[in-house]
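For reference, the structure is listed below as structure tokens.
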Amino acid sequence: MPLSTRKEKILKAVVTDYVENCQPVSSQEIQNKYFPEVSSATIRGDMATLEELGYLAQPHTSAGRVPTAEGYRMYVDKLMPSKKLSSSELKIINQTLKAKAGHLEDVVRSAARLISEITNLTAVGFTNASMSDKIKSIKIVKIADEMALFVVVTDRTVLKDAIAQMNMGISEEYLSKAGEFLTSVFGGVQIADVIDVDKFAAKVREEYEKIYKALIKILKEYGTVELENLAIEGAPKLLQHPEYSNVKKAKAMLELLDAKSQLYPILKSNNMNISIKIGHDNEIAEGLPECAVVTATYEVDGVAIGNAGVIGPMRMDYSKVISVLDYIGKTITNLGEDAQDE
């Protein structure tokens, strides 16, 4: 059933006031602030209809009304205004991310930290670790008599570096040539194929066999660190919201944040630019307080490098959150383009 223009405006007003004050909103308040020309009885009737349709709820018979998950969804999908970030917010985003431009894994973690600071919500971020990534270059640097640093650059321009044990007495020149040789063999090849020894063993010279084995070990580990790449910023901020003043609810949410394997599936954006999951959309564990998860997929050169967003009460400033996620996404994309131009 489509809503009339007035009912849409009333729903929008209830969401706006409730997000700001966390107090049930009465028909009298709506009339005074938004509809002085409409009687309180008419507004009360419209709010009752919105309740029957599932967009509003009344916590107590004598109280005003609050938005439901369906009410927030209608607001986000159709009624939400855009919100501009302040000049100081834009400045801190640009400065922080620019400082991390050479390391996109750090960029996603920094993005989560920025999101938490600006929205005052708990933020999450993770980088994608995919065996379908293609090798761009391999550089090997001697850092001790029996130790070398491998720097692997993938087509997502994400640097993966790891230290490997080497034979005593290996020279810097040998390692440099080994890196050049492996780049010539594996440039443009997917990681999943690089670690398939049967495919490439014949192409790797005997003199670089140990180096190749060290590389395989590093790349195999690369594909297994997905959960380790999940960063949580501002977890204590959950406790600042009235929704989690109940100890049982707060404990359940903090346990969810701690259980990364349970949290990760609801953070995935399914290749959507921005994903908004409200209440039961999240398919979280039974008994967990309803919450909202808003995440964005961040890309460089058309390739997804990771996701970042917020998790918190359904009563959040969705317009502000989306503006922050969107601007950070554009900034990250620009950083990647600038890096390629250099």
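Counting from 1, the numbers follow the sequence of the chain as shown.
Thr183 places a side-chain N or O within 3.5 Å of a backbone atom of Ile138 that can act as its donor or acceptor partner. Looking only at distances, a side-chain donor or acceptor of Thr333 sits under 3.5 Å from a matching main-chain atom of Gly329. Checked by atom type and distance alone, the side chain of Ser116 pairs as donor or acceptor with a backbone atom of Leu121 at under 3.5 Å. The closest donor-acceptor contact from the side chain of Arg315 to the backbone of Val19 lies under 3.5 Å. Using a distance-only test at 3.5 Å, with no hydrogens or angles considered, no donor-acceptor pair links the side chain of Lys142 to the main chain of Leu175. Judged purely by atom type and a 3.5 angstrom limit, Thr119 has no side-chain atom pairing as donor or acceptor with the backbone of Val321. Asn94 places a side-chain N or O within 3.5 Å of a backbone atom of Leu90 that can act as its donor or acceptor partner. For the pair Ser176 (side chain) and Glu173 (backbone), a donor-acceptor distance under 3.5 Å is absent. Checked by atom type and distance alone, the side chain of Ser110 never pairs as donor or acceptor with a backbone atom of Leu97 at under 3.5 Å. Judged purely by atom type and a 3.5 angstrom limit, Arg65 has no side-chain atom pairing as donor or acceptor with the backbone of Ser27.
Thr68 contributes atom OG1, which lies 9.5 Å from atom CD of Glu51 (distance to the nearest 0.5 angstrom). The CD1 atom of Ile163 sits 6.0 Å away from the CG atom of Leu149 when rounded to the nearest 0.5 Å. To the nearest 0.5 Å, atoms OG1 (Thr96) and CG (Leu114) are separated by 4.5 Å. In this structure, OG1 in Thr16 is found 9.0 Å from CG in Asp317, a value given to the nearest 0.5 Å. Within the model, atoms CD1 of Ile10 and CG of Leu79 stand 12.0 Å from one another, a figure rounded to the nearest 0.5 Å. With rounding to the nearest 0.5 Å, the separation of CD in Gln31 from CZ in Arg44 is 9.5 Å.
For residues 56-100, every residue pair satisfying the ring-ring contact (aromatic ring centres under 6.0 Å, His included) rule, not counting sequence neighbours, is listed here: Tyr72-Tyr318. Within the structure, ring-ring contact (aromatic ring centres under 6.0 Å, His included) contacts touching residues 24-50 (residues at least two apart or in different chains) do not occur.
Contact between Met80 and Ser319 at its shortest, heavy atoms only, is SD-N, 3.4 Å. Shown here for Ser39 and Thr42, the closest heavy-atom pair between the two residues is OG-OG1, 2.8 Å. When all heavy atoms of Ala214 and Ala164 are compared, the pair lying nearest together is CB-CB, 3.9 Å. Nearest heavy-atom pair across Leu325 and Ile115 is CD2-CD1, 3.2 Å. Looking at every heavy atom in both residues, Pro313 comes nearest to Glu243 through CB-CD, 3.6 Å. Nearest heavy-atom pair across Ile332 and Ala111 is CD1-CB, 4.5 Å.
Here the side chains of Ile276 and Arg73 are in contact, with some heavy-atom distance below 4.5 Å. In this structure the side chain of Arg109 reaches within 4.5 angstrom of the side chain of Glu233, judged on heavy atoms. The shortest side-chain heavy-atom distance between Lys320 and Ile118 falls under the 4.5 Å cut-off. No side-chain heavy atom of Val38 sits under 4.5 Å from any side-chain heavy atom of Asp46. With a 4.5 Å cut-off on side-chain heavy atoms, Ile93 and Leu85 count as touching. Leu254 is listed as a side-chain neighbour of Leu239, based on a closest heavy-atom distance under 4.5 Å.
Between Phe126 and Tyr298, the ring center distance fails the sub-6.0 Å criterion.
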Between Lys78 and Leu3, does a side-chain contact (heavy atoms from CB on, under 4.5 Å) hold up when you go through it step by step? CA-CA 11 Å; Lys78 189 175 181 181; Leu3 298 180; over 6 Å; no
side-chain contact (heavy atoms from CB on, under 4.5 Å), that's the test. Do Met253 and His241 meet it? Break it down for me. CA-CA 12 Å; Met253 282 299 295; His241 298 280; over 6 Å; no
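For Lys237, the NZ atom counts as densely surrounded, since its 6.0 Å shell holds more than 12 non-hydrogen atoms of other residues, nucleotides or ligands. Shown here is Lys177, whose NZ atom has no more than 12 heavy atoms of other residues, nucleotides or ligands within 6.0 Å. By the neighbour-count criterion of 12 heavy atoms within 6.0 Å, atom CG of Leu257 is densely surrounded, having more than that number from other residues, nucleotides or ligands.
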Under 3.5 Å, side-chain donor or acceptor atoms of residues 52-59 against the rest of the protein: list the pairs with distances, not counting sequence neighbours.
unit_1, atom_1, unit_2, atom_2, d
Gln58, NE2, Thr61, O, 3.2
Gln58, NE2, Ala63, O, 2.8

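Between Glu255 and Lys251 a salt bridge is recorded (basic side-chain N to carboxylate O distance below 4.0 Å).
Annotation: side chain to side chain contact (heavy atoms under 4.5 Å, CB included) contacts of Lys84 (sequence neighbours excluded): none. Partners of Tyr18 by ring-ring contact (aromatic ring centres under 6.0 Å, His included), not counting sequence neighbours: none found. Judged as a ring-ring contact (aromatic ring centres under 6.0 Å, His included), and not counting sequence neighbours, the contacts of Phe186 are Phe200, Tyr212.
Val152 pairs in a side chain to side chain contact (heavy atoms under 4.5 Å, CB included) with only one of the listed residues (Ile135, Ile191, Ile140), which is Ile135.
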